[in-house]
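Notes follow once the structure below has been shown.
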Amino acid sequence: MAEDSNSVKAVEKELKDNPGSSGDAIVVKPKKKKAKAKGKAKPQHEGKEKTHRKMKTPKEASMDFEDSGDRRSQVNVKEEPEEDPDFVIKGKKRKRKVDNTDGPFSTSEAPLPKKKKKKKAAEEGQENSATVKKKIKGTKDKVKKEEGGHSVSTKKKKTKEEIEAARALKIKKKEEEEKQRWRWWEEEKYEDGIKWKFLEHKGPYFPPEYQTLPDDVKFYYNGKPVKLSLPAEEVALFFAQMMDHEYTTKEVFRNNFFRDWRKEMTLEERQLIMDLNKCDFGELHAMHKQKVEARKNLSKEEKLVNKEANQKIVDEYGYCVLDHHRERIGNFKIEPPGLFRGRGDHPKQGMLKKRIQPEDAIINCSKDSRIPEPPAGHRWKEVRHDNTVTWLASWTENVQGSCKYVMLNANSKLKGEKDWEKYEVARKLKTCVDAIRAQYQEDLKSKQMGTRQRAVALYFIDKLALRAGNEKEEGETADTVGCCSLRVEHITLHDTLDGQKCVVEFDFLGKDCIRYYNKVPVIKRVFKNLKLFMENKQGGDDLFDRLNTQLLNKHLSSLMPGLTAKVFRTYNASITLQQQLKELRNMKENVAEKLLSYNRANRAVAILCNHQRAPPKTFEQSMANLQAKIDSRKEQLDLAKKELKQAKKEAKGSSDNKLLIVVEKKKKAVQRCEEQLLKMEVQATDREENKQIALSTSKLNYLDPRISVAWCKNMEVQLDKIYNKTLRDKFAWAIDMTEHDFVF
DNA sequence: ATGGTAACTTAGTATACCTCTA
DNA sequence: TAGAGGTATACTAAGTTACCAT
């Protein structure tokens with residue numbers, strides 16, 4: 001946890017030795033903009049069950065800090081010379097050299113033929129290792145089969161053969177897939193913001209129309225059965241379906257629902273149904289539950305039929321053709337109507353999310369493509385041909401009035417390229433992060449209040465990986481904040497706390513109403529500035545009243561093209577992973593232990609980024625089960641050890657081959673037991689540490705996949721141990737191009 | 001500058017699905 | 001061979017950022 005080596009600390013020291021102008025010199029201008037009055041200091045987390053569950057104890061939170069401190073020391077490892085020094089991010093400025101093989105995000109004049117060769121080699125390596133793996137797998141299967149073969153009935157044998165056949169099919173399919181994969185990363189990039197040249201698709205898939213209730217299922221008002229009109233009935237069912245959730249008891253939810261429901265009613269209905277509390281949805285609710293149950297209990301065949309029907313829909317609507325390649329669409333289904341349930345204390349919870357009609361949808365495709373047919377009797381709102389955007393269809397959602405898009409899957413070129421670019425920007429930041437840090441350290445002393453605030457905000461964003469924090473319209477969304485939108489009530493300053501000086505205690509709700517709680521020692525100058533910013537302010541006032549995300553990002557982009565607040569999150573996440581992996585590296589470990597190390601590195605990032613999850617409902621149970629398994633395995637091990645001892649004793653002095661064989665067997669049994677035990681214990685540790693932490697988000701969005709691919713190569717761990725199929729597809733570009741010596 | 005919004009990324013949760021075990 | 005347990009996927013809300021109009 002030595003923070004000494006990091007630049008922040010170094011500069012801090014320098015500053016300490018050279019105390020410059022203090023905050024007193026600053027003239028605090030009165031706060032200007034921001035129409036919304038946020039006078040009242042809202043009590044935090046009231047009634048937020050979600051938040052509550054996710055609350056961390058202060059102890060855990062301070063552990064968080066230690067982790068981030070740890071990370072700090074990693075930041076300044078000796079840096080490799082940047083590979084693409086002339087990398088320019090701005091899409092518009094990016095120009096691709098036609099005749100070199102450099103990465104697509106480089107404008108480098110110097111050709112890098114080396115890279116191409118490397119790539120070729122990587123290709124071969126990949127193929128080779130894949131073939132080898134396959135072979136090994138094949139042999140193993142065979143052995144297994146032979147082992148079981150003669151002692152088991154023919155029926156079982158057949159099953160085994162079937163299993164093997166299925167496996168072979170899988171492998172074949174995989175090969176096929178690999179062959180068909182579009183290796184877009186080897187191709188030229190398009191000019192200036194052009195996303196595609198040809199795009200054809202079938203349009204979005206609409207959810208089925210509402211089917212009216214069976215006659216024996218009734219809605220009651222004031223104890224009397226009421227046959228509702230179709231639209232009113234549909235919305236009533238939405239409510240009935242949610243009645244197991246606690247939020248249907250909430251005032252806000254109920255009011256919003258009732259208001260919107262009444263809008264769907266006929267005049268008569270509206271006149272009759274005046275009070276939600278007199279509504280009895282019991283039968284609708286029971287019917288829904290029954291349906292769910294019935295669906296669960298479908299026979300195998302029926303389930304298969306359903307599955308095939310779904311597959312047909314996917315085959316028809318789930319793909320598009322983009323520049324000669326068939327690409328999977330991410331969300332080709334129009335979102336079905338229902339009741340809106342935002343996250344946390346959302347003021348709009350319970351409102352009706354309306355059914356989307358083709359007349360609401362805009363289609364985007366090539367002029368010369370087969371234009372998708374709207375559903376019978378309908379027409380599209382608009383068909384356009386805009387190849388500067390990536391969406392295939394869009395509509396406006398009625399609850400928040402925002403746009404929704406149909407876009408491609410994460411494994412598509414369009415998404416992959418962007419993702420790659422994101423990591424290249426973050427790597428670029430690595431080359432200038434020291435300078436930027438020095439700059440904001442300097443800015444902490446600025447005469448300009450705005451500059452100081454910007455510097456402090458940047459310090460938080462860099463050190464704590466906070467989000468930018470846009471302003472939000474009050475009353476439209478839950479009250480959450482990011483860095484720039486922090487309010488005075490969200491931090492508490494402690495001159496000393498637990499033996500540490502200048503501690504800032506953060507407590508606020510961030511994205512998705514996830515609580516951020518952390519106690520962080522900061523450098524003196526930041527601390528002093530915070531005191532200054534908080535002077536004469538109420539809890540509900542903005543901490544950074546002279547700053548917003550636009551200003552911040554504008555400044556950042558002047559420091560490095562393409563630099564925005566979120567790049568720091570990507571950068572710090574990836575560099576942390578790399579550093580942690582390096583630190584935890586131990587070739588002597590077995591695979592399970594190596595994976596635990598990887599997960600721990602991943603976890604450090606997840607903690608940094610505050611990626612939380614609800615502890616799985618079955619957590620305690622499954623933990624207990626695992627512990628029971630461990631215990632029984634321990635007993636087994638003891639037994640096996642005893643038996644080994646016994647066998648040894650018997651074999652001692654004897655040259656009887658049989659006895660020696662027995663000893664060997666027992667030895668193996670002990671060994672196997674030990675291995676399994678270790679594996680389970682490692683698993684238990686991993687799971688316990690992961691209780692409230694979600695690793696997937698950072699894996700998916702923040703960690704440069706090349707770091708993980710290189711780690712696997714170096715540690716001789718199979719990639720599929722850390723990346724599932726989806727991830728491998730998404731990161732195909734990285735898997736293909738990364739060698740063991742990759743450095744972020 | 002400010003404000004609005006289009007476009008796209010990031011986020012957690014519900015549920016479908018798969019695998020292993022009793 | 002069901003079903004428990006765990007993982008993958010679907011879903012969609014909630015962010016960020018660029019860009020445009022005023």
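Here is how names work: the chains are called A, B, and so on, in the same order as the sequence lines, proteins then strands, and each is numbered from 1.
Picking from dC11(C), dT13(B), dC18(B) the nucleotide with the shortest atom distance to the side chain of Lys307(A) gives dC18(B). Closest approach to the Met407(A) side chain among dC8(B), dT16(C), dA11(B) is made by dC8(B) (side chain taken as heavy atoms from C-beta onward). Comparing dC8(B), dA10(C), dA14(C) against the side chain of Val389(A) picks out dC8(B) as the nearest. Of the listed nucleotides (dA13(C), dT17(C), dC8(B)), dT17(C) has the atom at the smallest distance from the side chain of Thr564(A). Here dT16(C) is the nucleotide among dT17(C), dT16(C), dA13(C) with the atom lying nearest to any side-chain atom of Arg467(A). Of the candidate nucleotides dT17(C), dA11(B), dT9(B), dT17(C) has the atom nearest to the side chain of Ala468(A). Of the candidates dG15(C), dT12(C), dA8(C), the closest approach to any side-chain atom of Asn724(A) belongs to dA8(C). Closest to the side chain of Arg328(A), out of dA10(C), dA14(C), dA11(B), is dA10(C). Distance from the side chain of Arg687(A) is smallest for dG6(C) among the nucleotides dG6(C), dC8(B), dG15(C). In this structure, the nucleotide among dT10(B), dT13(B), dA14(C) sitting nearest to the side chain of Asp512(A) is dA14(C).
Phosphate proximity of dA13(C) to His346(A): absent, as no side-chain N or O sits under 4.0 Å from OP1 or OP2. At dT16(C), none of the side-chain N or O atoms of Arg569(A) fall inside 4.0 Å of OP1 or OP2 (strictly under the cut-off). For Lys472(A) and dG15(C), the shortest distance from a side-chain N or O to OP1 or OP2 is below 4.0 Å. Not one side-chain nitrogen or oxygen of Lys725(A) sits closer than 4.0 Å to the OP1 or OP2 atom of dA8(C). Considering only side-chain N and O atoms, Lys566(A) lies under 4.0 angstrom from the phosphate OP1 or OP2 of dT10(B). For Lys422(A) and dC8(B), the shortest distance from a side-chain N or O to OP1 or OP2 is not below 4.0 Å. Between Gln612(A) and dG12(B), a side-chain N or O to OP1/OP2 separation shorter than 4.0 Å is absent. At the phosphate of dT12(C), neither OP1 nor OP2 sits under 4.0 Å from any side-chain N or O atom of Tyr405(A). Remark: Lys404(A) is in phosphate contact with dA13(C), judged by side-chain N or O atoms under 4.0 Å from OP1 or OP2.
In this structure, Thr390(A) reaches the sugar-phosphate backbone alone: every heavy-atom distance under 4.0 Å involves primed, P, OP1 or OP2 atoms, never a base. Nucleic acid contact for Lys195(A): sugar-phosphate only, since backbone atoms but no base atoms lie under 4.0 Å from a heavy atom of the residue. Counting non-hydrogen atoms under 4.0 angstrom, Asn470(A) reaches a base of the nucleic acid. Residue contacts for Lys303(A): at a heavy-atom cut-off of 4.0 Å it reaches no nucleic acid atom on any strand shown. Within 4.0 Å (heavy atoms only), Glu397(A) reaches no atom of the nucleic acid at all. Counting any heavy atom pair closer than 4.0 Å across all strands shown, Gly330(A) reaches no nucleic acid atom. Residue Ala565(A) is classed as a sugar-phosphate contact, given heavy-atom separations below 4.0 Å to backbone atoms only. Across all strands shown, Thr480(A) has heavy atoms under 4.0 Å from sugar-phosphate atoms exclusively, and none from any base. Across all strands, Lys511(A) comes closer than 4.0 Å to base atoms (heavy-atom distances).
For Asp315(A) and Gln311(A), the side-chain atoms include at least one donor-acceptor pair closer than 3.5 Å. For Tyr598(A) and Ser708(A), the side-chain atoms include at least one donor-acceptor pair closer than 3.5 Å.
Atoms CD1 (Ile693(A)) and P (dT13(B)) sit 14 Å apart, rounded to a whole Å. Regarding Lys721(A), its NZ atom lies at a distance of 13 Å from the P atom of dT7(C), rounded to whole Å. As rounded to whole Å, 19 Å separates atom P of dA14(B) from atom NZ of Lys333(A). Computed from coordinates, the Arg728(A) CZ to dA8(C) C1' distance equals 12 Å when rounded to whole Å. Atom C1' of nucleotide dG3(B) and atom CD of Glu474(A) are separated by 17 Å, given to the nearest angstrom. A straight line from CD of Gln349(A) to C1' of dT12(C) spans 16 Å, rounded to a whole angstrom. Going from atom CG of Leu695(A) over to atom C1' of dA11(B) covers 14 Å, rounded to whole Å. The distance between atom CZ of Arg384(A) and atom P of dA7(B), rounded to the nearest whole Å, is 6 Å.
Between the Asp360(A) side chain and the Lys381(A) main chain, no donor and acceptor come within less than 3.5 Å of each other. Under the 3.5 Å distance criterion, the side-chain polar atoms of Thr549(A) are left unmatched by any main-chain donor or acceptor of Asn470(A).
Note: Tyr247(A) and His245(A) have parallel aromatic rings, judged against thresholds of 30 and 60 degrees for the angle between ring planes. By the 30° and 60° cut-offs, the orientation of the rings of Trp733(A) relative to Trp184(A) is tilted. Ring-plane geometry between Phe253(A) and Phe239(A) is classed as tilted, the angle between the planes lying from 30 to 60 degrees on a 0 to 90 degree scale.
Sequence order on DNA chain C of the closest nucleotides to Gly510(A) and Leu727(A) puts Leu727(A) first from the 5' end. Closest-nucleotide positions on DNA chain B for Thr570(A) and Leu551(A) were compared, and the one nearer the 5' end corresponds to Leu551(A). Nearest-nucleotide mapping onto DNA chain C: of Gly482(A) and Asn409(A), the residue sitting toward the 5' end is Asn409(A). Residue Thr396(A) is the one, among Thr396(A) and Ala694(A), whose nearest nucleotide of DNA chain B lies closer to the 5' end (criterion: closest heavy atom).
Note that the CD atom of Glu681(A) and the CD1 atom of Ile630(A) stand 5.5 Å from one another [nearest 0.5 Å].
No N or O donor and acceptor, one from the side chain of Lys418(A) and one from the base of dT9(B), sit under 3.5 Å apart.
Heavy-atom minimum distance, Lys303(A) versus Arg295(A): CE-O, 4.0 Å.
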